[in-house]
Amino acid sequence: MIYKNRTESDVLKTFRALNNRSDLLEDDQKYYSNLEKGFRGEVQFDVLLEKFLCDYYILIDLQFEINRTTFQIDSLMIHQESIYLFEIKNFEGDYCYDIDIFNTTSGKEYKNPLDQLKRSKSLLRQLLQNIGCKFTIEAYVIFVNPEFTLYQAPPALPFIYPTQINRFLKKLQIQPSNLKDYHQSLADKIISLHISKSSYSLFPTYEYQQLKKGITCNVCYSISTSILGKQALCTNCGNKEKVDSAIIRSTQEFKLLFPDQKVTSSKIHEWCKIIESQKKINRTLNKHLTKIGDCKWTRYK
């Protein structure tokens with residue numbers, strides 16, 4: 001069972017907003033693209049976990065700190081006396097493995113996911129020891145993209161390839177299961193150690209005046225939305241969303257990008273741009289957010 005759901009990180013949401021509202025530099029654009037691709041791959045694997053593995057506590061999208069070192073885990077599963085650690089990769093194309101070097105067939109080198117897996121496994125073991133858990137840890141890199149191929153990799157590596165995923169999960173599925181209160185307590189304890197705020201700080205430099213104003217689409221993320229009656233219509237993909245929902249979503253985006261600025265109806269009116277009436281903004285914020293102050297001093301949180 002999924003015991004902790006996956007959510008989009010603030011890093012991904014920030015880069016997505018900046019990508020929609022500005023022209024990212026090439027390196028920032030590549031980084032953002034990898035974030036989106038990685039998140040899609042993780043969600044894809046989440047669906048398979050929930051389908052095959054009902055008798056595990058499945059914890060996903062975790063971040064911890066131990067001995068002043070932070071580390072992130074894509075998926076973790078608790079079962080009997082074992083914990084499974086999965087590092088999920090959504091790589092696409094042809095790659096070669098050569099004495100611990102991981103690169104494309106054209107020669108472009110990437111970080112070896114095995115190194116990341118070893119690091120996460122070691123730090124997770126330390127974390128479990130600190131809470132008195134002696135479960136064994138089995139760790140794997142899961143390659144989810146069906147267009148991925150890896151050449152020259154030794155078969156003994158803890159790599160699960162796209163054509164092997166279903167068989168691998170079915171094998172786990174048939175293992176005897178007898179989860180008890182202790183396993184739930186362990187899951188709760190691990191979740192309590194999760195750090196929700198990202199330590200990532202290398203965002204592109206941006207200012208309010210430089211960003212495009214408007215409401216982005218909640219499906220294709222383009223800033224090609226117009227108002228049609230009580231709906232926000234995306235002219236790029238045709239998606240429709242209730243105006244109230246679009247205003248609140250845009251407000252949350254503003255708060256994410258500018259956490260030190262006050263949220264006022266006039267500022268959100270300017271940020272959304274396509275909402276003609278500021279009174280509409282005011283009514284929506286009053287309905288869905290907490291109002292602080294009165295009259296011209298009113299702000300929201």
Side-chain angles (χ1 to χ4, degrees), residues 5-25 27-29 31-33 35-36 39 61 63 194-301:
N5 290 314
R6 188 179 304 281
T7 57
E8 297 170 327
S9 69
D10 285 350
V11 175
L12 172 57
K13 289 188 285 188
T14 298
F15 268 91
R16 181 185 291 159
L18 294 177
N19 181 66
N20 296 335
R21 297 180 180 273
S22 65
D23 297 319
L24 292 178
L25 297 176
D27 286 348
D28 291 327
Q29 178 65 51
Y31 182 77
Y32 163 63
S33 179
L35 285 177
E36 287 282 14
F39 182 75
D61 189 24
Q63 181 171 267
H194 167 67
I195 304 170
S196 58
K197 189 170 180 61
S198 172
S199 59
Y200 187 90
S201 61
L202 299 178
F203 291 110
T205 301
Y206 60 92
E207 296 180 3
Y208 177 82
Q209 293 79 6
Q210 298 172 331
L211 300 184
K212 300 173 185 176
K213 309 305 186 290
I215 294 177
T216 59
C217 175
N218 65 339
V219 173
C220 73
Y221 310 129
S222 70
I223 195 163
S224 304
T225 303
S226 60
I227 299 301
L228 184 64
K230 295 183 178 181
Q231 293 182 318
L233 171 66
C234 176
T235 56
N236 182 58
C237 72
N239 177 65
K240 295 179 181 180
E241 181 183 13
K242 291 182 178 179
V243 172
D244 275 15
S245 174
I247 291 173
I248 294 302
R249 186 169 51 78
S250 298
T251 302
Q252 298 301 333
E253 180 188 51
F254 174 83
K255 291 168 66 176
L256 176 67
L257 292 175
F258 306 101
D260 296 328
Q261 289 200 29
K262 294 179 180 179
V263 178
T264 65
S265 59
S266 60
K267 181 63 73 172
I268 299 305
H269 182 237
E270 181 181 57
W271 181 248
C272 292
K273 186 180 177 179
I274 61 174
I275 308 293
E276 291 187 6
S277 171
Q278 185 174 324
K279 290 182 178 180
K280 171 61 178 173
I281 299 286
N282 192 52
R283 287 195 299 269
T284 302
L285 296 181
N286 283 334
K287 181 178 179 181
H288 296 279
L289 299 182
T290 301
K291 182 179 177 181
I292 302 174
D294 293 305
C295 302
K296 65 178 181 178
W297 306 112
T298 297
R299 62 187 191 278
Y300 300 87
K301 70 174 185 178

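Keep in mind that this is a model prediction, so the values were computed, not measured.
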Item checked: Reported OG1-to-CG distance for the pair T205 and L18, which is rounded to 0.5 angstrom -> 10.0 Å
Next item on the list: Give the C-alpha distance, both sets of side-chain angles, the deciding distance and a yes or no for side chain to side chain contact (heavy atoms under 4.5 Å, CB included) between L289 and T284.
Entry: CA-CA 8 Å; L289 299 182; T284 302; over 6 Å; no
Check: Minimum heavy-atom separation for Y208 to Q261, with atom names?
Finding: CB-NE2, 4.2 Å
Next item on the list: Measure the shortest side-chain to side-chain distance between S22 and L24 over non-hydrogen atoms and say whether it is less than 4.5 angstrom.
Entry: yes
Next item on the list: Determine which pairs satisfy salt bridge (charged side-chain N to carboxylate O under 4.0 Å, His left out) with at least one residue from residues 273-287, sequence neighbours left out, and list them in order.
Entry: D244-K280
Next item on the list: Rounded to the nearest 0.5 Å, what's the gap from SG on C272 to CD1 on I227? Could you check?
Entry: 8.5 Å
Check: Counting distance only, does the side-chain N/O of N282 pair as donor-acceptor with the main-chain N or O of Q278 below 3.5 Å?
Finding: no
Note to self: On the six-membered ring of F258, is K267 placed so that its NZ or CZ lies under 6.0 angstrom from the centre and within 45° of the ring axis?
What the structure shows: no
Next item on the list: Look up atom CD in E241 and atom SG in C234, then write down how far apart they are to the nearest 0.5 Å.
Entry: 10.0 Å
Check: Any side-chain heavy-atom pair from K13 and Q252 closer than 4.5 angstrom?
Finding: no
Next item on the list: Ignoring hydrogens and angles, tell me if any N or O in the side chain of T225 forms a donor-acceptor pair with the backbone of A232 under 3.5 Å.
Entry: no
Notebook entry, point to check: Is a side-chain N or O of N19 found less than 3.5 angstrom from the main chain of F15, in a donor-acceptor match?
Noted result: no
Check: What distance separates T264 OG1 from I292 CD1, expressed to the nearest 0.5 Å?
Finding: 12.5 Å
Check: Do side-chain atoms of Y206 reach the backbone of L257 as a donor and acceptor pair under 3.5 angstrom?
Finding: yes
Checklist line | Heavy atoms of other groups near K240 NZ, more than 12 under 6.0 Å | finding: no
Check: Is any side-chain heavy atom of L25 closer than 4.5 Å to a side-chain heavy atom of P204?
Finding: no
Notebook entry, point to check: In chain order, what residues pass the side-chain hydrogen bond (donor to acceptor under 3.5 Å, both in side chains) check against S222, with sequence neighbours excluded?
Noted result: none
Check: Given side chains that start at C-beta, do those of H194 and Q63 come closer than 4.5 Å, heavy atoms only?
Finding: yes
Check: Is there side-chain contact between Y31 and V11, with at least one heavy-atom pair below 4.5 Å?
Finding: yes
Item checked: Chi angles and distances behind the side chain to side chain donor-acceptor pair (under 3.5 Å) call for E36, Y221 -> CA-CA 12 Å; E36 287 282 14; Y221 310 129; 4.9 Å; no
Next item on the list: Report yes if the side chains of W271 and I215 come closer than 4.5 Å at any heavy-atom pair, otherwise no.
Entry: no
Item checked: Gap separating the CZ atom of F39 from the OG1 atom of T7, nearest 0.5 angstrom -> 7.0 Å
Note to self: Nearest 0.5 angstrom please: E253 CD to I268 CD1, how far?
What the structure shows: 9.5 Å
Note to self: Main chain of A246, side chain of S250: is a donor-acceptor contact present, judged purely on distance under 3.5 Å?
What the structure shows: yes
Check: What residue pairs, at least two apart or across chains, pass salt bridge (charged side-chain N to carboxylate O under 4.0 Å, His left out) with a residue in residues 205-226?
Finding: none
Check: Hey, are the side chains of I248 and L285 touching, using non-hydrogen atoms and a 4.5 Å cut-off?
Finding: yes
Next item on the list: Would you confirm whether T235, through its side chain, and S224, through its main-chain N or O, come within 3.5 Å as a donor-acceptor pair?
Entry: yes
Item checked: T216 side chain reached by R21 side chain, heavy atoms, under 4.5 Å -> yes
Margin query: So which atom in C220 and which in N236 form the shortest heavy-atom distance, rounded to 0.1 Å?
Written below: SG-ND2, 3.3 Å
